[in-house]
Amino acid sequence: MTTSRTRSERRSTRTAIWRGGSASAPAEQPQLEHGRRTAALSGGARLVSGVIVISMTIVLLVFFLTDPFYIKNAQIGGMEFLSISDVYTIAGIDGWHLFWIEPEEVRARLRAYATIADASVQVGWPPAMVQIVIEEREPALVWVQAGQVVWIDLQGRVMSQRADVENLLRIEAESIEADPLGPNTRIPVDVVSGALQLRELLPDIEVLRYHPIKGLGYNDPRGWQAWFGSGANMPEKLLIYNAVVADIQTRGQVPTEINVSNPDAAVICCTTP
């Protein structure tokens, strides 16, 4: 009897093992709330993206369809002989949209103009959308050829004459070319340097002549033509010229032309009184 009760008690104290069943199954978490939250977030992101796209579209329309972003004028400085309208026209930006302007291209157009040595171009927001500062070439000579009057700079570049400048040496040239002097024309640098040297050596001379073969010269007030060629050795040529004049006058000759363009072989045309 005791043995039977003990076995019964042992059976009653054995550990229970769950084999599955609806009664003791844990409750599943509902997935519906998570799905609603994800959909709500996705809808919000689409709304934000739509607002951004619409805003950008409006901004682009404002940029391209309104006048404030099209160039009507510019801030221009550095002029000495050119006017503001001249520089603005040369820049070629009138009516362009702000986004279309390439500063380096505008600078290249300005520098291609004969009178402009250099330029800086900056592009910004209204009202000062384009700012241009130029550096003009300085005229060294006034060159007169076939009725056309131009300036010549130290490098021999032809520049359009913009004003009357005092103390510029005037060169009256005899041309064998039919074409007029244009912006791309260049006078040889040795002609320019020779003319400026003669001006320093003969400060009373205001007008020089230029012949394509004989070079630079002038009408000597004593009654003959003097020719010096070109180049940087004008002091030497002038010394030879003065020596030739003294010798001729000593002999009582009257020259019609003295040419020392080749200092080793001066050419003298004289008449005997």
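Values below: all heavy atoms of this structure, side chains included; hydrogens, waters and symmetry mates excluded.
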Would you call [X] and [Y] a side-chain contact if the rule is heavy atoms closer than 4.5 Å?
X	Y	result
Trp227	Val260	no
Leu98	Tyr70	no
Ile171	Val142	no
Ile116	Glu135	no
Glu80	Glu138	yes
Val130	Gln122	no

Cluster link [X] to [Y], ILVMFWY, side chain under 4.5 Å:
X	Y	value
Val133	Ile101	no
Tyr113	Ile93	yes
Val144	Ile152	no
Ile258	Leu239	no

Next item on the list: Begin with the C-alpha distance, continue with both residues' side-chain angles, and end with the deciding distance and a verdict on side chain to side chain contact (heavy atoms under 4.5 Å, CB included) for Met129 and Ile71.
Entry: CA-CA 7 Å; Met129 290 188 288; Ile71 307 302; 3.7 Å; yes
Checking [X] now: which residues fulfil salt bridge (charged side-chain N to carboxylate O under 4.0 Å, His left out) with it, not counting sequence neighbours?
X	answer
Asp153	Arg137, Arg157
Arg111	Asp118
Glu172	Arg170

Shortest non-hydrogen contact from [X] toward [Y]:
X	Y	result
Ile84	Ile76	O-CD1, 3.6 Å
Leu110	Ala119	CD1-CB, 3.7 Å
Thr185	Val158	O-CG2, 3.2 Å
Val189	Leu154	CG1-O, 4.1 Å
Gln249	Trp224	NE2-CH2, 3.9 Å
Met159	Ala114	CG-O, 3.9 Å

Note to self: Once side chain to side chain contact (heavy atoms under 4.5 Å, CB included) is applied, do any residues pair with Thr89, and if so which ones, sequence neighbours excluded?
What the structure shows: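 Scan of Thr89 (side chain to side chain contact (heavy atoms under 4.5 Å, CB included), adjacent residues dropped) gives none.
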Notebook entry, point to check: So Ile134 and Ile132, side chain to side chain contact (heavy atoms under 4.5 Å, CB included) or not? Walk me through it.
Noted result: CA-CA 7 Å; Ile134 67 167; Ile132 299 173; 3.9 Å; yes
Sequence neighbours excluded, every pair satisfying salt bridge (charged side-chain N to carboxylate O under 4.0 Å, His left out) that has a member inside [range]:
range	result
residues 87-106	Glu104-Arg107
residues 224-237	none
residues 243-256	Asp247-Arg251
residues 218-228	Asp220-Arg222

Checklist line | Verdict with reasoning, Val191 to Trp143, per side chain to side chain contact (heavy atoms under 4.5 Å, CB included) | finding: CA-CA 11 Å; Val191 173; Trp143 191 274; 4.1 Å; yes
Notebook entry, point to check: For the atom pair SG (Cys269) and CD (Gln253), what is the distance rounded to the nearest 0.5 Å?
Noted result: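 The SG atom of Cys269 sits 11.5 Å away from the CD atom of Gln253.
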Next item on the list: Nearest 0.5 Å please: distance from the CG atom of Asp86 over to the CZ atom of Phe81.
Entry: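 Reported value, rounded in 0.5 Å steps: 13.0 Å.
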Notebook entry, point to check: Only one of Val192, Val150, Leu168 clears side-chain contact (heavy atoms from CB on, under 4.5 Å) with Leu141; which?
Noted result: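 Answer after filtering Val192, Val150, Leu168: Val192.
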Solution key, residues 261-268 side-chain donor-acceptor pairs under 3.5 Å, sequence neighbours excluded:
unit_1	atom_1	unit_2	atom_2	d
Ser261	OG	Asn259	OD1	2.7
Asn262	OD1	Asp264	N	3.2

Margin query: Filter on ring pair (Phe, Tyr, Trp, His ring centres under 6.0 Å), then keep only pairs touching residues 239-260, sequence neighbours left out; what's left?
Written below: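 Residue pairs passing ring pair (Phe, Tyr, Trp, His ring centres under 6.0 Å), neighbours aside: Phe228-Tyr241.
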Anything under 3.5 Å between a donor and an acceptor, one on a side chain of residues 210-218, the other on a protein residue two or more places apart or in another chain? List them.
unit_1	atom_1	unit_2	atom_2	d
His211	ND1	Ile213	N	3.0
His211	ND1	Lys214	N	3.3
Lys214	NZ	Glu257	OE1	3.1

Next item on the list: Quick one: do Arg209 and Gln225 satisfy side chain to side chain contact (heavy atoms under 4.5 Å, CB included)? Show the steps, please.
Entry: CA-CA 10 Å; Arg209 298 173 61 187; Gln225 296 178 7; 3.3 Å; yes
Identify each donor-acceptor pair in which a side-chain atom of residues 194-208 lies under 3.5 Å from a protein atom, sequence neighbours left out, and give them as a table.
unit_1	atom_1	unit_2	atom_2	d
Gln197	OE1	Met234	N	3.3
Gln197	NE2	Ala232	O	3.1

Next item on the list: Measure up the Trp100 and His97 rings against each other and bin them: parallel (under 30°), tilted (30 to 60°), perpendicular (over 60°).
Entry: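 Rings of Trp100 and His97: tilted, 30 to 60°.
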